[in-house]
Amino acid sequence: MSLTVLACLIVFAALLYPNVLKRLSIGGFARIPIEAAIGIAVLVFLPRRPRVILASIGGVVLGWLVIEKSLDMGWFETLARPFDPVLDWVLLDDTYGFIRDSYGQLAAYGAVAGALLGAVLAIALIIWAVLRVTELVAGHRKVSAYTAGGITAVWVAALLLGVQIVPNVPVAARSTATYAWDRAHQARAGLADEAKFAKEVAADPFKTATGDQLLTGLRGKDVIFTFVESYGRNALEAPETASGVDAVLDSRSGQLQQAGFAARSGWLTSPTFGGNSWLAHSTLLSGLWINNQSRYRNLTASDRLTVTSSFKRAGWDTVSVMPGATRAFPEGAFYGYNRVWDSRNLGYQGPRFSWAQMPDQYTLKKFTELEYAKPDRQPLMVEMPLVSSHTPWAPIPSFMDWEKVGDGSIYHETVANAPKKSEIWDSSNKVRAEYGKSIQYTLTSVLDWVQKYGDENLVLVFLGDHQPSKVVSGEKYGRDVPITIVARDQAVLDKIGSWNWTEGLKPAKDAPVWPMNAFRDRFLTAFGSSTH
């Protein structure tokens, strides 16, 4: 009898299992699942063989929904969206890589083993529970029929009266059926989006622009696009981070002005949140809204003109500097890079900083040696994602004199003396503070590099790829990220005067906000591109 009671509780809990972490509470289970009444009613009238088959299938489906809801919890906490059952499986490989790079190979193996074992046990346990309940229903058909009717009556009454034990959580629950329907609809919508996206790729007003028509307002300039990892509106406006980040921007703004540089800043709305940086990179460069892996895959298989390939078409030497990449980047051909520098060929001899393979200051210094300081070179167009502000924000490098950076060996002492991840992640306040410090470090490195190495031909575009994860951004998050263009030649900034961006390194709160995919067309148009 006790096993039967346990089985009933397991089925009950599985039907009410939420897909958002904050709803995983006792109050969240103080509800009546209408699916229980429907299931009992169906099982009461079925013969034994089809009853067992249907119950087994139902157990598998219910178990799978519990697993998918668990994935949703993780996705909501990091990416602020649910797990996509069609498109997001490829991201599990990146999740594994993040755990391995941040916490070690053993932790990654443990996470995989734990996830697989947990999934198998969950499905097996729920199948057993459903079959056990099925036996109970078959042995007490009349009582079971009355029970189904009673559950339905109470559920309808609770629905009509709007009964809630916990605020905003109705007692009359239909979450499992609704959830399954939503996931099925999501899958269908994802498949249908491919045809729609193909039309978006083809509709390119700059597709036939020739090299002499493109980017005429930037001839002779070195144009560097630098993505600052997790640099979102939160960094400039949240009380825990704003004072430190603002201090860096304010002090550096004055120093750059003395060196002859000026800047304009605005806001872009990123297609992603908390991670999946490559979706933001491809959105900015392609002028298309790339918010899932299917769109990214189809984009990089197309001939879409990107910001990078437009520079190449116009005669610039195009280079990618990717300090976070640990393997080949086949998409480089799509973007039109002549060369790709990554963690394998940047010559770094220092320690890793959790996920980050090397500090941003080292990346900038090495880029200078390998490309920027070379004599008699072509004008450069560079895309450089900087990664020191990537979660888990421990340990964080220290900014130092550029001549001391060397091959990176000097950073061994920094890592040895820095707070460990376990010391930081025991408190959300500590995490937010360290996130702020990481943004300060990267901005200091970038802006000091401009002051030390930049000349009259430098045009720097630096922006965030997405907001930091929910542990930093909190519940009231958006997807806006700052973007800034720095140049010594005032004529460059005059060409974007109609954008109404804020003067300086920090956009005003009410500065214009564009979707990130709007940037390519505005940029190509402002700097002399022709659509004819």
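Worth knowing before you read on, the calculation uses all heavy atoms, side chains too, and leaves out hydrogens, waters and symmetry mates.
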Check: N291 and T272 side chains under 4.5 Å, non-hydrogen atoms:
no

D317 and R339 ion-paired at < 4.0 Å
yes

Shortest non-hydrogen contact between T318 and G336, atoms and distance
OG1-O, 2.5 Å

Angle class for the W449/F367 ring planes (parallel below 30°, perpendicular above 60°, tilted otherwise)?
tilted

Answer yes if the side chains of S438 and S389 hold a donor-acceptor pair under 3.5 Å, and no otherwise.
no

Derivation and outcome, side-chain contact (heavy atoms from CB on, under 4.5 Å), residues S354 and W393
CA-CA 8 Å; S354 293; W393 307 302; over 6 Å; no

Regarding W278 and Q293, do their side chains bring together a donor and an acceptor under 3.5 Å, going by distance alone?
yes

Can you list the residues that meet the salt bridge (Lys or Arg N to Asp or Glu O under 4.0 Å) rule with E237, with sequence neighbours excluded?
R233

What's the verdict on side-chain contact (heavy atoms from CB on, under 4.5 Å) for V321 and V319, showing C-alpha distance, side-chain angles and the deciding distance?
CA-CA 7 Å; V321 182; V319 178; 4.2 Å; yes

Determine the minimum heavy-atom distance between F353 and P395, stating which atoms define it.
CD2-O, 3.6 Å

Lys/Arg cation over aromatic Y372: R377, 6.0 Å, 45° cone
yes

Do other residues, nucleotides or ligands put more than 12 heavy atoms under 6.0 Å from the NZ atom of K207?
no

Evaluation steps, side-chain contact (heavy atoms from CB on, under 4.5 Å), between V461 and I224:
CA-CA 6 Å; V461 183; I224 301 175; over 6 Å; no

Would you name the heavy atoms of A314 and R219 that are closest together and state the gap between them?
O-NH1, 2.8 Å

Distance-minimising heavy-atom pair for S286 and R520:
O-CD, 3.4 Å

Please confirm whether the ring centroid of F225 lies under 6.0 Å from the ring centroid of F523.
yes

Count the heavy atoms of every other residue, nucleotide or ligand shown that sit under 6.0 Å from CD of Q490, and state whether that count exceeds 12.
yes

Does any donor atom in the side chain of E331 or Y296 lie under 3.5 Å from an acceptor atom in the other side chain?
yes

Can you check side-chain contact (heavy atoms from CB on, under 4.5 Å) on V228 and D360, steps first, answer last?
CA-CA 10 Å; V228 177; D360 291 338; over 6 Å; no

Is NZ or CZ of R488 both nearer than 6.0 Å to the six-membered ring centre of F261 and within 45° of the ring axis?
yes

Test item: side-chain donor near acceptor, T283 and N517, under 3.5 Å:
no

Any donor-acceptor pair under 3.5 Å from N345 side chain to D342 backbone:
yes

Using distance alone, with no hydrogens and no angle criterion, decide if T269 and D480 have a side-chain donor and acceptor under 3.5 Å apart.
yes

Could you verify whether a donor N or O on one side chain and an acceptor N or O on the other, from E229 and S277, lie under 3.5 Å apart?
yes

Tell me if the centroids of the rings in W514 and W501 come within less than 6.0 Å of each other.
yes

Is it true that atom CZ of F399 has more than 12 heavy atoms of other residues, nucleotides or ligands lying nearer than 6.0 Å?
yes

Positive for side-chain contact (heavy atoms from CB on, under 4.5 Å) with Y231, one of T442, L236, L386, V481:
L236

Can you name the side chain to side chain donor-acceptor pair (under 3.5 Å) partners of R479, sequence neighbours left out?
none

Please report the shortest heavy-atom distance between S309 and R304, naming the atom on each side.
OG-O, 4.2 Å

Least distance between heavy atoms, P323 atom then L346 atom
CA-CD1, 4.2 Å

Can you check salt bridge (Lys or Arg N to Asp or Glu O under 4.0 Å) on R295 and E200, steps first, answer last?
CA-CA 11 Å; R295 282 186 160 230; E200 293 176 14; 3.1 Å; yes

Is any side-chain heavy atom of W499 less than 4.5 Å from a side-chain heavy atom of I485?
yes

Please tell me whether S70 and Y17 have a donor and an acceptor in their side chains that are separated by less than 3.5 angstrom.
yes

For H281 and F227, take the angle between the two ring planes, folded into 0 to 90°, and tell me which bin it lands in: parallel under 30, tilted 30 to 60, perpendicular over 60.
tilted

